[in-house]
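What follows is a short report on a single structure.
We count residues from 1, following the sequence as given.
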Amino acid sequence: MSIRYSQDFKDSLVKLHQEGRSLKSLTEEFGPSKDSIAIWGKQATPVMIQGQSKTLEDVKQSEKRLAILEEENNFL
């Protein structure tokens, strides 16, 4: 069974890692695997898309909204 962590918890671990804490120390203290924390960090890292800073979560939300709009457009 996988454990679900809140976004606030993930964000706090990513911030601690960005401030210099090692993945190993975060894993030992808080529990999630080093791989999980590294993935959360990558997801939180912004990239430039058409001159705007976007995170992976921003892109996923935009894709969901686009899919809904395309469905509505096809219906009409």
Side-chain angles (χ1 to χ4, degrees):
M1 183 174 147
S2 65
I3 299 172
R4 298 276 182 195
Y5 296 102
S6 72
Q7 191 60 49
D8 288 340
F9 178 76
K10 293 176 185 181
D11 292 343
S12 66
L13 291 187
V14 168
K15 183 177 180 191
L16 288 170
H17 181 60
Q18 290 171 340
E19 292 173 348
R21 292 277 305 269
S22 72
L23 292 175
K24 182 179 178 184
S25 72
L26 293 171
T27 295
E28 291 171 352
E29 185 173 345
F30 297 102
S33 70
K34 293 187 288 186
D35 291 338
S36 292
I37 300 168
I39 289 169
W40 300 338
K42 287 179 184 178
Q43 291 172 339
T45 302
V47 295
M48 294 301 288
I49 300 175
Q50 296 179 345
Q52 294 182 340
S53 178
K54 302 282 183 180
T55 64
L56 180 60
E57 187 62 33
D58 295 333
V59 172
K60 285 181 181 180
Q61 288 177 359
S62 294
E63 288 175 348
K64 286 179 185 178
R65 285 193 302 266
L66 179 59
I68 291 168
L69 291 173
E70 286 175 343
E71 281 183 34
E72 290 175 354
N73 190 36
N74 289 335
F75 180 75
L76 297 175

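- Here the side chains of Leu23 and His17 are in contact, with some heavy-atom distance below 4.5 Å.
- Here OG1 of Thr55 is found 9.5 Å from NZ of Lys60. Values are rounded to the nearest 0.5 Å.
- A donor-acceptor pair is defined here as one N or O able to donate and one able to accept, closer than 3.5 Å; such a pair exists between the side chain of Ser62 and the backbone of Asp58.
- Two residues are said to be in side-chain contact when any heavy atoms from C-beta on lie closer than 4.5 Å; Lys54 and Pro46 fail this criterion.
- Side-chain atoms of Phe30 and Ser12, non-hydrogen and from C-beta on, never get closer than 4.5 Å to each other.
- Separation of atoms CG (Leu56) and CD1 (Ile39) is listed at 11.0 Å; rounding is to 0.5 Å.
- When all heavy atoms are compared, the tightest approach of Lys10 to Tyr5 is CE-O, 3.5 Å.
- Between the side chains of Asp11 and Gln7, at least one donor-acceptor pair of N or O atoms lies under 3.5 Å.
- Between the CG atom in Asp35 and the CH2 atom in Trp40 there is a gap of 11.0 Å [rounded to 0.5 Å].
- Counting heavy atoms from C-beta outward, Thr27 and Ile37 have side chains that approach closer than 4.5 Å.
- Checking side-chain atoms of Asn73 against main-chain N and O of Leu69 turns up no donor-acceptor pair under 3.5 Å.
- Note that OG of Ser33 is 10.0 Å distant from CD1 of Ile3, once rounded to the nearest 0.5 Å.
- A heavy-atom distance below 4.5 Å is found between the side chains of Glu29 and Arg21.
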